[in-house]
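Numbered from 1 within each chain, the chains take letters A, B, ... in sequence-line order.
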There are 2 protein chains.
Amino acid sequence: MCKENFSIVGRIWINCNDDSFIGNGKIELLERIKQLGSLRKAAAEMKMSYRQAWINIDKMNKASNKQVVILKRGGREGGIAQITEFGEKILITYKNLQSDFEVFLTEQTKKLNDI
Amino acid sequence: MCKENFSIVGRIWINCNDDSFIGNGKIELLERIKQLGSLRKAAAEMKMSYRQAWINIDKMNKASNKQVVILKRGGREGGIAQITEFGEKILITYKNLQSDFEVFLTEQTKKLNDI
DNA sequence: CTTCGTTATGTTGATTAATGAATAACGGTG
DNA sequence: CACCGTTATTCATTAATCAACATAACGAAG
């Protein structure tokens, strides 16, 4: 009657020094930056305001002692946004994490049979 | 340098028909109701406004076809709040779930060694 | 030294969420 | 049938969040 309507869901993120470091939103932002080379375009594509996108990147860059994205202004193109090697590592780490988490959620949902 | 500052954190909750059914806050509310027999006192103890507490219970009671808490007004005591057997089941289920989730989180945090 | 598109930053307004006050409704008990 | 403390509900105010606009700063290229 009831059981098939219930499911376990959730969210995970990475903390740095007990402050939120990166989660779903910033990961998507990183991926688009990597693809587009522009913070403005990345933000626009995912309908995030440029201001918020910039603040997100700024926080990430300052949270640990390693930069995640390099932002430069000026030049022929107006500026560039480039993901660092550390940023790439974060991407890979988070993807594996998210994948494991989804397995966990479906497993736990299966356990609900007897509720 | 960096790795020991990073940790994986997250939240999980139970959905019913793709709507949020119960999470940390409501679980704590349920526990206090069970202990105190009063919605007002339960809300006060955890510094949740009575209004929000009542809305939470109401949503839960209407989300599935089973009542989680029985609320009655009137009577010598002014009224009572009583958790149902289904509510107890939810409590147990969620605690096991939360316990497994914390194991998952610490496991994943250990994997961060190489970041 | 002008142009260009981006990064960088402040400010204002709008939308939404949460809080708290106030009050009605209730029903055992005496 | 009056009392009591709780549940039930409305309402206005406040708080917090977010979006949008405006504009300065920048630096390579021509």
Side-chain angles (χ1 to χ4, degrees), chain A residues 11 13 15 19-64 66-84 86-87, chain B residues 11 13 15 19-64 66-84 86-87:
Chain A
R11 291 185 177 282
W13 59 95
N15 268 6
D19 278 332
S20 170
F21 178 62
I22 196 166
N24 264 336
K26 290 175 187 167
I27 286 292
E28 187 180 345
L29 189 58
L30 275 198
E31 280 171 340
R32 292 181 189 273
I33 288 173
K34 178 181 171 182
Q35 185 188 350
L36 299 168
S38 157
L39 179 55
R40 166 153 269 121
K41 286 176 188 165
E45 264 204 4
M46 61 187 289
K47 286 166 190 166
M48 177 184 288
S49 74
Y50 172 80
R51 177 176 176 69
Q52 185 173 348
W54 183 85
I55 288 174
N56 279 339
I57 297 299
D58 190 56
K59 275 183 186 166
M60 282 178 54
N61 277 341
K62 289 176 179 166
S64 70
K66 289 182 186 175
Q67 248 186 332
V68 175
V69 173
I70 296 172
L71 296 177
K72 284 181 188 163
R73 61 181 168 183
R76 180 67 172 150
E77 311 286 308
I80 58 168
Q82 191 178 16
I83 198 174
T84 66
F86 177 60
Chain B
R11 292 186 176 282
W13 59 96
N15 269 6
D19 278 332
S20 170
F21 177 62
I22 196 166
N24 265 334
K26 289 175 188 167
I27 286 292
E28 188 180 343
L29 190 58
L30 275 196
E31 280 173 339
R32 291 179 190 275
I33 288 173
K34 179 181 173 182
Q35 183 188 352
L36 298 168
S38 158
L39 179 56
R40 168 152 270 123
K41 288 176 187 165
E45 265 204 2
M46 62 188 288
K47 288 167 189 166
M48 177 184 284
S49 75
Y50 172 81
R51 174 175 175 70
Q52 185 173 349
W54 183 86
I55 288 175
N56 278 337
I57 297 298
D58 190 57
K59 274 184 188 168
M60 281 178 56
N61 277 340
K62 290 175 178 165
S64 70
K66 292 182 183 175
Q67 248 185 331
V68 175
V69 172
I70 297 172
L71 297 177
K72 284 182 189 160
R73 60 181 171 184
R76 177 69 172 151
E77 313 286 308
I80 57 168
Q82 193 178 15
I83 198 173
T84 68
F86 177 60

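- Note: CG (A:D58) to C1' (C:dG10) measures 15 Å, nearest angstrom.
- For C:dT19, the OP1/OP2 oxygens have a side-chain nitrogen or oxygen of B:Q52 closer than 4.0 Å.
- Per the geometry, CD1 belonging to B:I33 stands 14 Å off P belonging to D:dT6, to the nearest Å.
- The distance from atom CD1 of A:I55 to atom C1' of D:dA20 is 13 Å, rounded to the nearest whole Å.
- With hydrogens and angles left out, the side chain of B:R76 and the base of C:dG30 share no donor-acceptor pair within 3.5 Å.
- When the shell of 6.0 Å around CD of A:E45 is examined, it contains more than 12 heavy atoms from other residues, nucleotides or ligands.
- Each of B:I80 and B:G75 was matched to the nucleotide of DNA chain D holding its nearest heavy atom; the match closer to the 5' end belongs to B:G75.
- Atom-to-atom, CH2 of A:W54 to P of D:dC26 comes out at 14 Å; the value is rounded to the nearest Å.
- When the P atom of D:dA29 is taken as reference, atom NZ of A:K72 falls 13 Å away, rounded to whole Å.
- The separation between B:R73 atom CZ and D:dA8 atom P is 6 Å, rounded to whole Å.
- Atom CG in A:L71 sits roughly 14 Å away from atom P in D:dG27 (whole-Å rounding).
- Straight-line distance from the CD1 atom of B:I57 to the P atom of D:dT9: 14 Å, rounded to whole Å.
- Comparing B:L39 and B:R51, the nucleotide of DNA chain D nearest to each residue sits closer to the 5' end for B:L39.
- In this structure, A:K59 and A:I55 have side chains that are in contact, with non-hydrogen atoms separated by less than 4.5 Å.
- Side-chain contact check for B:N15 versus B:S20: some heavy-atom pair is nearer than 4.5 Å.
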